[in-house]
Chemist: 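Quick one: this structure, given as structure tokens, is what I'll be asking you about.
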Amino acid sequence: MTTRSRHLLAAAIALVVTLVLSRTGLLAAAWHRLSAPLDPWQRGLAGQPAAAGSELAQQLVAAQEQVVQLNAENITLRTRLAEYAQVRGEGGIPPEQAVVVRARIIARNQRQGRRYCELDAGAVDGVTKGMAVCAGWSLVGLVAGVQEGRCLVQEITDNESRIPAALIDGQRLLAEGVLTGVGKRGELLLDFVEDRDGLSVVPGLQVVTANSDTRVPPGLVLGTVKAAVRSTTADHWHIEVAPMRLIEACESVLIIRFANAEPTH
């Protein structure tokens, strides 16, 4: 028998054996037995969970946990960087001139025009009565009461809130008055602005804290004029103000102690 004949005979025998095994299911059983040691690696490479207790599966889970943890750390760092950039950019007062404590809002009271919130920072954190409470560099309230681990904040929209304020056009001081809360979300009044020759109050003018308030520094953002008319009964303007930020939309705020502010007792 020639070499070519032997090769043809071997190929024919292999074909017959393969057909018989595939018909009887023996081929699948043989392959399953031979490939069993490779199964965990195949599952790992395919992204499928391996059998319980598999060392490879535990390594994959540990790697996934590390990825999640790194992502969480990156999100936290990006959030902090955004907060610091926001604080520096909004009001023009460098953050290094103030001691800042960030606190979460843990309770709110908004009944019958009274608008207060409670924060999870108190005397142990250096909080004192009269300190400014800000979102960025917008003033949203003042600390009205302090306990060891929490404090009570009177929001600027509270119907008994009174804050000396200044009306500016971005370049110069136009007038001064008192920012008054009316007990409603997003509504404020700028009272006691006397009418005078040349004074024009139009929507879009900015309202900030005035220099006469010893509790907070001048220039903290309070809001924007949304409507203004001259009073028909007095020489004053009736000015409606929309706060720049709404404390109702905040989960946390900044409690700030300014170097030149006088604490309230």
Side-chain angles (χ1 to χ4, degrees), residues 82-83 85-93 103 105 108-117 119 131-144 152-196 199-213 215-256:
E83 289 174 352
Q86 183 183 70
V87 168
R88 178 177 290 276
E90 185 173 321
I93 302 175
I105 299 174
R108 300 178 190 269
N109 177 18
Q110 300 176 353
R111 294 179 297 178
Q112 299 178 347
R114 306 312 309 273
R115 304 183 75 86
Y116 283 84
C117 64
L119 308 180
M131 289 177 64
V133 178
C134 298
W137 282 108
S138 287
L139 183 70
V140 294
L142 295 171
V143 175
L152 185 67
V153 174
Q154 182 186 32
E155 301 174 14
I156 63 172
T157 52
D158 180 72
N159 60 11
E160 293 188 6
S161 172
R162 304 289 186 270
I163 299 173
L167 184 67
I168 61 175
D169 64 358
Q171 298 179 348
R172 59 194 176 96
L173 173 66
L174 299 179
E176 291 190 353
V178 175
L179 189 75
T180 303
V182 297
K184 296 180 180 179
R185 173 188 172 97
E187 294 186 21
L188 299 163
L189 292 176
L190 182 58
D191 292 329
F192 308 112
V193 175
E194 295 183 358
D195 191 21
R196 54 177 174 77
L199 177 61
S200 176
V201 182
V202 296
L205 293 178
Q206 299 172 344
V207 182
V208 299
T209 54
N211 194 34
S212 57
D213 195 334
R215 298 168 297 179
V216 295
L220 288 180
V221 179
L222 291 171
T224 304
V225 173
K226 64 178 183 179
V229 294
R230 289 183 177 89
S231 174
T232 58
T233 59
D235 295 332
H236 290 81
W237 283 80
H238 176 83
I239 304 173
E240 298 178 12
V241 178
M244 184 71 71
R245 292 177 182 265
L246 294 175
I247 194 172
E248 293 86 353
C250 299
E251 294 183 357
S252 63
V253 290
L254 300 172
I255 305 176
I256 306 179

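Reckoned from all heavy atoms, side chains included, excluding hydrogens, waters and symmetry mates.
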Chemist: Do Gln206 and Met244 make a side-chain contact, defined as non-hydrogen atoms from C-beta onward lying under 4.5 Å apart?
Modeler: no
Chemist: Could you tell me which non-hydrogen atom of Val208 sits nearest to which non-hydrogen atom of Ile168, and how far apart they are?
Modeler: CG1-CD1, 4.0 Å
Chemist: For residues 216-229, which residue pairs pass the salt bridge (charged side-chain N to carboxylate O under 4.0 Å, His left out) check, not counting sequence neighbours?
Modeler: none
Chemist: For Asn211 versus Pro218, what's the shortest heavy-atom pair and its separation?
Modeler: OD1-CG, 3.6 Å
Chemist: Tell me every residue that passes side chain to side chain contact (heavy atoms under 4.5 Å, CB included) with Val225, counting only those two or more places apart in sequence or in another chain.
Modeler: Leu167, Val201, Leu205, Val207, Ala228, Ile239
Chemist: Would the number of heavy atoms belonging to other residues, nucleotides or ligands and lying under 6.0 Å from CZ of Arg111 be above 12?
Modeler: no
Chemist: Tell me whether the count of non-hydrogen atoms from other residues, nucleotides or ligands lying under 6.0 Å of OH in Tyr116 goes above 12.
Modeler: yes
Chemist: Closest heavy-atom contact between Gly136 and Leu254?
Modeler: O-CD1, 3.8 Å
Chemist: For a quick test of reading the model, state the closest non-hydrogen atom pair linking Leu139 to Ala132 and the distance between them.
Modeler: CD1-CB, 3.7 Å
Chemist: Which residue pairs pass the salt bridge (charged side-chain N to carboxylate O under 4.0 Å, His left out) test with at least one member in residues 228-239, sequence neighbours excluded?
Modeler: Asp195-Arg230
Chemist: So among Leu189, Leu190, Val193, which one has a side-chain contact (heavy atoms from CB on, under 4.5 Å) with His238?
Modeler: Leu189
Chemist: For Arg245 and Ala135, indicate whether the former's side chain and the latter's backbone hold a donor-acceptor pair under 3.5 Å.
Modeler: yes
Chemist: Would you list the pairs meeting salt bridge (charged side-chain N to carboxylate O under 4.0 Å, His left out) in which at least one residue belongs to residues 163-179, sequence neighbours left out?
Modeler: Asp169-Arg172
Chemist: Per the side chain to side chain donor-acceptor pair (under 3.5 Å) rule, what does the pair list look like for residues 178-190, sequence neighbours excluded?
Modeler: Thr180-Asp191
Chemist: If I compare all heavy atoms of Leu188 with all of Leu222, which pair ends up nearest, and what's the gap?
Modeler: CD1-O, 4.3 Å
Chemist: Test of understanding: with side chain to side chain contact (heavy atoms under 4.5 Å, CB included), list the residues that count as partners of Ile105, not counting sequence neighbours.
Modeler: Arg108, Cys117, Leu119, Ile247, Cys250, Val253
Chemist: Between Thr209 and Leu220, is there a donor-acceptor pair closer than 3.5 Å when you use the side chain of the first and the backbone of the second?
Modeler: yes
Chemist: Quick check: closest heavy atoms across Gly186 and Thr157, and the distance to 0.1 Å?
Modeler: N-CG2, 4.3 Å
Chemist: Scan residues 156-167 for pairs that pass salt bridge (charged side-chain N to carboxylate O under 4.0 Å, His left out), counting only residues two or more places apart or in two chains.
Modeler: Arg114-Asp158, Arg114-Glu160
Chemist: Residues two or more places apart in sequence or in another chain: which of them pass side chain to side chain donor-acceptor pair (under 3.5 Å) with Thr224?
Modeler: none
